[in-house]
Amino acid sequence: MFRRDPVKLALARVSEVLEVDARPLLPLTRTVFRRGGVLAVSRGGKRVLVPLGGVEAGGVFELASVTKPFTAALAGALVDAGRLDWHAPLSSLGGPFRRLPTHLTALSLATHTAGLPMHPARAAITVFTRFYDPYGGMGAADVIASARRWGQPSRQTRFMYSNLGAGLLALALAHAAGEEASAAGYGRALADWVTEPLGLGVTLAPAGAVVRPSGLLGGNTLTGFGPLAGAGGLFGTAADLLTFGGFRLAAPPMPLLKPQGLPRHLRGVAPGWMVSGPDGEVRWHDGLARGTRAGLGSNLQSGAVVALLSRGTDSPLGVRGAMPALLLSLLEAGGEGR
């Protein structure tokens, strides 16, 4: 007997929710999910989560850089509560942050416009000596000292993607929330202000089994982020991501910047999000762990939310690779059906 193609079936279900024909995305979807994962979409009160390749629909994945939208959401909650100002220097928080350069603000760190390098300087060595956990030998004080040393103010706001900046922001948010400036403090603050109020299971320390990596960089060891946990250390499910994406659709808009140096496929950047789409209506972020990938995005005009979690790391396709290419294709297609 012939067995129906599970990827074709998945795209048929996605098409029903997004009210578009997603079938032309079949080759790209096969590439993203060739080792399995979860394809999830929601729109207008409807949602579908499709497990592929033996991965359970409720499988917990490393979210990698999809952590950054959660860190930005924590910043937004603290701003709304009057504990933080997007534009104020982090040095005004005092404590371990009092000696930071004044151009380092919550907004500049959340939008990668603070002039900080991708990693702390020592990561150039630890990425080889601590392959699975390049930041693990560092502490919060090392992160703050690295930002103080390497932060370069610029006359013109420029985009420079930085794990160091996002990790530093998370430490500052923990301090602003009354917690210790540490990865654990960030985790507690995120739970109190974001994930628990939304009923999400997103956490730095998942209670159950995690979908293990696969591919060239795969293995049984998960990726570690040490004190830069706010840049990539969270774990969660596709259902968590859909719920969070829907919440962000209903939340007040965050500041939108159009700095110099943006890649050509971006129309701007908002705290925690890349901005794309013909009218800048798509907010998205992808994440790359050693052997898994994650993607989350929403279309502000159509209300579509897309979450992708896959095993394996594929060779880059175009500017950003297969995962973000599929993510953006589904989000922009979802906008056509409005």
Applying side-chain hydrogen bond (donor to acceptor under 3.5 Å, both in side chains) to Arg47 and Thr243, what does each step give before you reach the verdict?
CA-CA 10 Å; Arg47 67 163 52 186; Thr243 299; 3.2 Å; yes

Tyr186 and Leu171: CA distance, side-chain angles, deciding distance, side-chain contact (heavy atoms from CB on, under 4.5 Å) verdict:
CA-CA 6 Å; Tyr186 161 74; Leu171 297 175; 5.7 Å; no

Indicate the ring-plane relationship of Trp273 and Phe244, choosing parallel, tilted or perpendicular according to the 30° and 60° boundaries.
parallel

Hey, is CZ on Arg23 packed in by over 12 heavy atoms from elsewhere, all under 6.0 Å?
no

Trp284 and Ser276: side-chain hydrogen bond (donor to acceptor under 3.5 Å, both in side chains), yes or no, with the steps?
CA-CA 8 Å; Trp284 65 281; Ser276 298; 2.8 Å; yes

Output for pair (Leu116 CG, Leu104 CG), nearest 0.5 Å, gives 5.5 Å

Could you point out which residue of Leu25, Val20, Asn299 forms a side chain to side chain contact (heavy atoms under 4.5 Å, CB included) with Leu330?
Leu25

Is there a side-chain contact between His175 and Glu180 (heavy atoms, below 4.5 Å)?
no

Heavy-atom side-chain proximity of Leu300 to Leu249 below 4.5 angstrom:
yes

Evaluate whether atom NZ of Lys258 has more than 12 neighbouring non-hydrogen atoms of other residues, nucleotides or ligands under 6.0 angstrom away.
no

Contact between Arg248 and Phe70 at the side-chain level, heavy atoms closer than 4.5 Å - yes or no?
no

Within a strict 4.5 Å, meaning less than it, do heavy atoms of the Pro263 and Phe159 side chains meet?
yes

So, do Leu107 and Leu257 sit near enough that their side-chain heavy atoms are less than 4.5 Å apart?
yes

Show your working on side-chain hydrogen bond (donor to acceptor under 3.5 Å, both in side chains) between Thr71 and Lys68 and close with a plain yes or no.
CA-CA 5 Å; Thr71 299; Lys68 293 178 175 73; over 6 Å; no

Of the non-hydrogen atoms in Ala177 and Arg83, which two are nearest, and what is the gap between them?
O-NH1, 3.2 Å

When you compare the side chain of His285 with that of Ser65, does any pair of heavy atoms fall below 4.5 Å?
yes

When clusters are formed by joining ILVMFWY residues with side-chain heavy atoms under 4.5 Å apart, either directly or through shared neighbours, do Leu266 and Leu331 land in the same one?
yes

Would you say the side chain of Val79 lies within less than 4.5 Å of the side chain of Asp85, judging by non-hydrogen atoms?
no

Show, in sequence, the C-alpha distance, side-chain angles and deciding distance for Phe61 and Val210, and conclude whether the side-chain contact (heavy atoms from CB on, under 4.5 Å) test is met.
CA-CA 6 Å; Phe61 275 75; Val210 176; 5.8 Å; no

Does some side-chain heavy atom of Thr29 sit less than 4.5 Å from a side-chain heavy atom of Val14?
no

For the residue pair His112 and Tyr161, categorise the inter-ring angle as parallel (less than 30°), tilted (30 to 60°) or perpendicular (more than 60°).
parallel

Neighbour count >12 (heavy atoms, 6.0 Å) for atom CH2, Trp86:
yes

